[in-house]
Amino acid sequence: EDKVVQSPLSLVVHEGDTVTLNCSYEVTNFRSLLWYKQEKKAPTFLFMLTSSGIEKKSGRLSSILDKKELFSILNITATQTGDSAVYLCAVEAKETSGSRLTFGEGTQLTVNP
Amino acid sequence: DSGVTQTPKHLITATGQRVTLRCSPRSGDLSVYWYQQSLDQGLQFLIQYYNGEERAKGNILERFSAQQFPDLHSELNLSSLELGDSALYFCASGTSVPDTQYFGPGTRLTVL
């Protein structure tokens, strides 16, 4: 059975801090790892990682995948109150003719002013 | 706005009833995924369709079924509803393999 574990489950920081969110996984037929941000609505896509060691960046957010050690991290620098959300990690696995996503429990990030 | 639309936004019904949730994918997307998000179980993958064909199945109950129509919209049918089926149901769409999935706003189902 596929497994995605995120840590920490909850994190409270002050504006301006840098945070690192972790995601480890066990999945058969790995295809990609995705990060999503979920506020009080639908998840919004952040990054998709398929290759090991290649950092993806978007503004203050960045992410990297280690396929050998089966984990990924999401970094957020100079955090702002608008970064407060649940960050979801998901692993996509190949099926015979499609794919399935398994989500972790999420990390609840709270950024205080 | 992801470009994925879902109707209705909210649905309140009674146990034993049957409901249909509808999803229209982003223009050009051939894949549709259905997810259930409840407080105690997090986000769970239910089923994937690609260009009208079922491609992958997750933790979908036998009381639930889905289909994707020729115009690529999809419907999720939930029958013999139970209290535990109360949840937020998301549809997501994507194009190529591997997909980047874009989520719709969700349908909140409440079973009383």
Side-chain angles (χ1 to χ4, degrees), chain A residues 1-10 23 25 27-52 54 56 58 61 63 65 67 72 85-108, chain B residues 1-7 9-10 21 23 25-26 29-60 66 68 74 87-108:
Chain A
E1 189 182 323
D2 299 341
K3 200 172 165 185
V4 178
V5 177
Q6 290 186 245
S7 64
L9 291 180
S10 179
C23 175
Y25 63 91
V27 65
T28 307
N29 297 325
F30 174 89
R31 173 176 277 163
S32 67
L33 186 144
L34 302 99
W35 284 97
Y36 287 88
K37 177 182 181 182
Q38 186 173 26
E39 297 167 272
K40 290 181 183 177
K41 44 191 176 178
T44 52
F45 171 78
L46 294 175
F47 297 111
M48 180 174 67
L49 302 140
T50 55
S51 303
S52 233
I54 297 175
K56 291 259 180 126
S58 176
L61 277 67
S63 183
L65 173 68
K67 285 169 78 171
S72 174
V86 174
Y87 289 83
L88 295 165
C89 170
V91 175
E92 184 187 18
K94 284 180 275 195
E95 294 259 315
T96 307
S97 55
S99 61
R100 65 185 184 276
L101 275 190
T102 303
F103 283 80
E105 285 186 61
T107 293
Q108 172 75 61
Chain B
D1 183 358
S2 67
V4 179
T5 60
Q6 288 187 250
T7 56
K9 271 188 180 175
H10 301 277
L21 313 184
C23 167
R26 294 187 322 156
D29 285 358
L30 299 178
S31 278
V32 169
Y33 301 77
W34 285 98
Y35 296 90
Q36 180 193 58
Q37 187 172 40
S38 56
L39 282 174
D40 58 344
Q41 292 231 324
L43 201 55
Q44 301 280 323
F45 167 66
L46 295 178
I47 197 163
Q48 179 204 4
Y49 279 84
Y50 180 85
N51 204 20
E53 290 184 10
E54 182 185 305
R55 284 295 180 93
K57 250 183 177 176
N59 301 322
I60 188 165
Q68 186 180 28
S74 178
L88 200 47
Y89 290 85
F90 287 111
C91 162
S93 76
T95 49
S96 57
V97 172
D99 278 342
T100 298
Q101 297 186 18
Y102 295 90
F103 280 70
T107 292
R108 183 167 294 283

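Only heavy atoms go into these numbers, but all of them, side chains included; no hydrogens, no water, no symmetry mates. Everything quoted here is computed from the prediction, not taken from an experiment. Chain letters run A, B, ... following the sequence lines, proteins first and then strands; every chain starts at 1.
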*With a 4.5 Å cut-off on heavy-atom pairs, point out which of B:Ser2, B:Gly42, B:Gly104, B:Ala56 contacts chain A the most.*
B:Ala56
*Could you list all the side chain to side chain donor-acceptor pair (under 3.5 Å) pairs where at least one residue sits in residues 35-49 of chain A, not counting sequence neighbours?*
A:Trp35-A:Ser63, A:Trp35-A:Ser72, A:Gln38-B:Gln37
*asked:* Atom CZ of residue position B:Arg26 - does it have more than 12 heavy atoms of other residues, nucleotides or ligands inside 6.0 Å?
replied: yes
*Contact check, side chains of B:Phe90 and A:Pro43, non-hydrogen atoms, under 4.5 Å*: yes
_Engaged part of B:Tyr35 at the chain A interface, taking heavy atoms whose separation is under 4.5 Å_ = side chain
Output side-chain donor-acceptor pairs under 3.5 Å for residues 100-108 of chain A, partner residues at least two apart or in another chain, one line each.
unit_1	atom_1	unit_2	atom_2	d
A:Arg100	NE	A:Asp2	OD2	2.7
A:Arg100	NH1	A:Glu95	OE2	2.6
A:Arg100	NH2	A:Asp2	OD1	3.2
A:Arg100	NH2	A:Asp2	OD2	2.8
A:Thr107	OG1	A:Pro8	O	2.5

